[in-house]
Structure formats: structure tokens, C-alpha cells
Amino acid sequence: AILDPRWHIPGEHWGKFGNAWTLYLQDPTNEFAEEPPQWVMDAREEYLEATRQPTREGQIAAMKKVMQTSADNFYVIGICRAGTTIYPISNRLGNIPESWLHLWTWGFDKILRPEQWYLKTLELKPNFEAAQSDLALLYELQGKNDKAREIYINMIAQHPGRTSARIKFGKLLLRERKYEEAVSQFQEILKRDSGNREVRFTLGLIYYEWNKFDEAIVEFSEVLKRHPDDEETRYFRAAAYGEKKLYPEALDDLNRIPVNSDLYANAQIQIGVILKKQNRLPEAIDFTKKAMTIKKGDPALYGFLSSLYEESKDLKTAEQTLLEGLALSPRSADLHYRLGVLYEKTDRFDESMKQMEEVLKIDPESAEALNFIGYSYADRGIKLDEAEAMIKKALELKPGDGYITDSLGWVYFKQNRNEEAIRYLEEALRIVPDDPAIAEHLGDAYARTGRVQEAIEKYRLVLRLKPDSENIQEKIDRISR
């Protein structure tokens, strides 16, 4: 017998039979999926039970049951194996063994390193640019940025007038968040190629992120002089105009993005945002509803319209809008998330958690949903261990996020781990210095540990940021006695 669960367990990933059942277990909505019958689920449970056994003896005993079920059902008649698959026939590349028995996935990527092809090529032809460029990209994919950087610098030294290596080097610097160095590389390119669309657009995005909106507008405008139909650049120039409150210019750019563009729905949403900022909320609602008749079924438009109804205090219609959107796009993580937040605001905790669980089914690495559930548990003082685990995972997914950092500090506060709570809450307030909730959390942690003056200072910060905050003055009075 071939002792491999793919031959004996129905519905296994990369299974040798019952592939429609496998698809169902991975994603029931897949058009090729087929719901497994109960006997299949029973057989799978036997195998899962074997994997849960803590001892070798228990695993063997449980696997005997699995093998007997397989024999009874006779899933597969094995008359031959797959033929020999790919394997190297020469060791001229280096790092290749003298002989090779059979290649499957095991060992292949460990022995035959892809960079060997490029290294051997460059040994024969040291200045071969295509091999240099591909090797640098491979190093980036492997996370070996220092090696990639070294190659790019050498390529730039060899051919200072060519732009391709500088562009790739600049993008590597951006990914490493070395923005000043990246800008320097891009500006050097523009000295030789002032019309380079990719470089000017990237510079515009950097300036936009730095809140240097005038500089961003200049770069985007230079692109549009040469590429007037560049929808992406026009969209971001509109965003920069909006940040400068140059609303007529922003609206002009947004209205020129065509209906067939992938950015059309986002452009319509930005028009609605501008109308809302101009205190024209009813117009924003009507405009968005009109956009929905043109771009039917777009979940982003349903989400935005719901937020406008919420802004106008019409929570019932906001909820109904999200439900309508989900009826058309049941796998929209954003709509499920928005509905969960709305349920939380209307004191429907259980329904809120169900929506967040739906988000995690669709996107298990949604930092926002993980943080929302974790913080909700922490704030209620329930399931604190689970809350801590979820928030930590969220912070791994979005390191440096101030709100998630606050959540972790708050769960530590609820666990009476006061020093850890203070450390994370102080860090959260450094990241988001104008958030009254974070300031109040830190004040509570200081108050609990007897750091009265620091607590009062944070409570007063809350009142400056949000003068109508409830109970803050009472907290100050209580710890000042």
C-alpha cells in the first residue's frame, strides 16, 4: 500500500480522487464543488482523529482504522505510479549532486537553488545586464535585499545613464521605507529622462504620502501633460486637490474618469466625500444612488452610501443598504465589516461578532476584524486570552498600527498586567497623539498604578480633544482627593 493520506482519505488537498469534495471543503461556492456525503465526512473524521493522537501507539491504532475503512470502500485501484518527473541531468551549474534518484517537491528547492543559473551566467559574462537584473529581482523575492542592492549599485556604476536599474533600485528603497534615498534616485533619473511617467507618478505618490500636496500636484500634472488619458494619475491628482480643499479642480478631474474605468466607482465615492465636506449631505446621497444605477452591484458604492446614511443618523436605512449590498456581493469582506460595526453601534453584540467572523472566513488575515473582535472582548472583560491572541495576530499583520497597539495595551489592562499595559498604551499614544480614547486608556492605567499626576494630565488631554467626554472630570476629581 502507498501510505499517503491522499490515496486513502476522501477530500484531501491534492487528493487522488474525490476532487469535487476537496473543492467543497475548501470553498463551498466553487462552481465545480460537490458537497461530500456523510460517509465521506465520517471517513475524514477517522483520519483527523488519528492526527490528534498524542502518542505513536495511538496514531498507529487510529490509522489502522483509517486503512481498514479505505480497504472496505476500495476508493482507488492502483495499477501504476506516475512516471519519473523532472530532474537535472548535468552538474555543470554547481551545487548539484552526482546522482538523483527521483524528484518530487522534497529537496528540489533546497539543492537546486535558482540563483545558480544566474551566477554561472555571470561567471561566463560578468556584465550581462539581463542576468544581473533577474538575479537582483530573485534576491528581492528571497528577502536578500542587501544582495539585490549591491547588484543595482554595480549596474548603475556600469551604466549611469540608463534608467531601468535606478527605477528598480528606487522601488527597492521604497519597500525598505528609505524614502529620501528613493527620491534621490528618482530625481537623478528625471535629469536624464524628464518625461518618465513611472518615475514622476511614483514621486507624486511619495509627496502625497508626505502631505506635500503642492509637490504631488506638480508631478501628477507633468504626467498628465504627456498622458492626458492616464486615469490613475488623474485620480490621485484629484485626491491631492481635495486635500488642498481645491474642490472645483478635484471635481473636474474626478468627473473626467470614464464609466468603464476600474477607478470609476472610487471616483464617484470621492465626489460624494467632497459633497459631504461641503455640508451637502443630501446631494452626496442622491449622487451616490445615481452612481449605483450606472455601476450596478459595486460593493464599494453600497458601503459608502451606508456611511452617508449613518452620517445623517438614518441607521435603519444604513443597515438596509448594507444588507442589499451583501445580497449582491455575499463575499464582500468590507460590507460584512461595516455591518458588524453598525451592529456594535446599535448594541447588537452577538450579531456584530457574527459579521466579523464572516469577514475572517473570507479573509483570515483581516487585521481590522481580528482587532475588532479582540478589542470588543477586552472592553467587556471576556475571553481575554482569545482577545490577546487575536490582537497580537492583528499587530503582526499591521505592525506599528496605533489603534491595534492600543487594543493590546487595553487587553493587558483588563488582565491586570499593568506595566505591559502602560508600555503599549504609551506607544499607541505616540503613534496617534490626538485620539481621546487612547489617552483615556493610558490615564486609567496610570491611575491604577498610582501615577496620579500623569493620569490627570492624560484625562485633561481627553477633555481638550473631546470636550463633551463623559465621566472624565469625575475621574479627575476621584483621583485628586
Side-chain angles (χ1 to χ4, degrees), residues 13 26-27 29 139-145 148 171-179 182 205-206 208-210 266 299-300 303-304 307 322 326 329-345 349 351-415 417 420-435 437-438 441-442 445:
H13 183 59
Q26 293 172 345
D27 178 9
T29 65
Y139 282 143
E140 286 191 57
L141 294 172
Q142 293 175 335
K144 299 175 182 177
N145 288 350
K171 289 183 175 180
L172 171 61
L173 292 169
L174 285 180
R175 286 190 288 276
E176 295 180 327
R177 300 187 179 185
K178 296 176 180 176
Y179 300 115
L205 292 180
I206 294 171
Y208 185 90
E209 288 297 315
W210 285 352
N266 286 335
F304 180 63
S307 73
L322 292 174
L326 283 168
S329 305
R331 291 187 60 78
S332 170
D334 178 63
L335 293 182
H336 281 292
Y337 183 85
R338 288 175 179 271
L339 187 57
V341 172
L342 186 61
Y343 283 152
E344 168 70 12
K345 289 179 179 178
F349 175 71
E351 292 172 83
S352 175
M353 292 300 99
K354 285 179 182 177
Q355 290 302 315
M356 292 301 163
E357 288 165 4
E358 287 297 318
V359 174
L360 292 177
K361 287 179 185 176
I362 298 165
D363 179 10
E365 295 195 339
S366 169
E368 292 76 15
L370 288 164
N371 182 59
F372 189 96
I373 296 173
Y375 180 82
S376 298
Y377 287 160
D379 207 40
R380 289 164 174 79
I382 62 174
K383 301 182 180 180
L384 294 179
D385 290 342
E386 186 177 343
E388 179 185 353
M390 297 183 87
I391 294 168
K392 281 182 173 178
K393 182 177 179 182
L395 200 55
E396 288 175 7
L397 294 166
K398 292 188 72 173
D401 185 285
Y403 298 104
I404 301 175
T405 303
D406 168 67
S407 296
L408 187 56
W410 196 233
V411 78
Y412 285 147
F413 179 84
K414 292 289 186 173
Q415 292 170 325
R417 295 158 65 178
E420 291 168 282
I422 288 172
R423 183 167 75 250
Y424 281 94
L425 292 171
E426 286 177 340
E427 177 64 18
L429 196 60
R430 276 194 291 271
I431 299 169
V432 193
D434 57 354
D435 187 276
I438 297 175
H441 288 165
L442 183 53

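Everything numeric in this text was worked out from a predicted model, so none of it was measured. The residues of the chain are indexed from 1 along the displayed sequence. Because only heavy atoms are used, hydrogens play no part in the values below, and waters and symmetry mates are left out as well, while side chains stay in.
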Rounded to the nearest 0.5 Å, what separation is found between the [atom1] atom of [X] and the [atom2] atom of [Y]?
X    : Y    : atom1 : atom2 : answer
F349 : D379 : CZ    : CG    : 10.0 Å
L322 : Q355 : CG    : CD    : 9.0 Å
L360 : E368 : CG    : CD    : 10.5 Å
R175 : L172 : CZ    : CG    : 5.5 Å
E420 : I422 : CD    : CD1   : 11.0 Å
E351 : L342 : CD    : CG    : 10.0 Å

Got a sec: does the CD of E386 have more than 12 other heavy atoms crowding it under 6.0 Å?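 Count over threshold, so yes.
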Return yes when atom CZ of R177 has more than 12 non-hydrogen atoms of other residues, nucleotides or ligands closer than 6.0 Å, and no otherwise.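 No, because the 6.0 Å sphere around CZ of R177 holds 12 heavy atoms or fewer from other groups.
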What heavy-atom pair brings [X] and [Y] nearest, and what distance separates the two atoms?
X    : Y    : value
S352 : F372 : OG-CE2, 3.4 Å
A387 : G374 : CB-O, 3.3 Å
N371 : S407 : OD1-OG, 2.7 Å
Y424 : L408 : CE2-CD2, 3.6 Å
R331 : T29  : CD-OG1, 4.2 Å
A445 : L425 : CB-CD1, 4.0 Å

Any side-chain heavy-atom pair from [X] and [Y] closer than 4.5 angstrom?
X    : Y    : result
M356 : Y337 : yes
V411 : R417 : no
M353 : Y343 : no

Please check if any side-chain donor atom of D334 sits under 3.5 Å from a side-chain acceptor atom of S332, or the reverse.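 No pair is found: no donor N or O on one side chain lies under 3.5 Å from an acceptor on the other.
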Go through K354 and E357 one step at a time and tell me if the salt bridge (Lys or Arg N to Asp or Glu O under 4.0 Å) criterion holds. CA-CA 5 Å; K354 285 179 182 177; E357 288 165 4; over 6 Å; no
Pairing residues for F413 by the ring pair (Phe, Tyr, Trp, His ring centres under 6.0 Å) criterion, not counting sequence neighbours: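 Partners of F413 under the ring pair (Phe, Tyr, Trp, His ring centres under 6.0 Å) test: W410.
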Give a yes or no on whether the backbone of P330 and the side-chain of H336 come within a donor-acceptor separation of less than 3.5 Å.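 Flag set: sc H336 to bb P330 pair under 3.5 Å.
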Can [X] and [Y] be counted as an ion pair, charged N to O under 4.0 angstrom?
X    : Y    : answer
E140 : K171 : no
E396 : K393 : no
R430 : E427 : yes
E344 : R380 : yes

Partner of L370 by side-chain contact (heavy atoms from CB on, under 4.5 Å), out of L397, I404, L395: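 It is L397; the other options fail the test.
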With sequence neighbours left out, write down each residue that passes side-chain contact (heavy atoms from CB on, under 4.5 Å) with A428, or none if nothing qualifies.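 Counting only residues at least two positions away or on another chain, A428 forms a side-chain contact (heavy atoms from CB on, under 4.5 Å) with T405, D406, I438.
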Going by salt bridge (charged side-chain N to carboxylate O under 4.0 Å, His left out), name the residues that satisfy it together with D401, two or more places apart in sequence or in a different chain.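 K398.
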Check step by step if side chain to side chain contact (heavy atoms under 4.5 Å, CB included) holds for L174 and Y179. CA-CA 6 Å; L174 285 180; Y179 300 115; 3.6 Å; yes
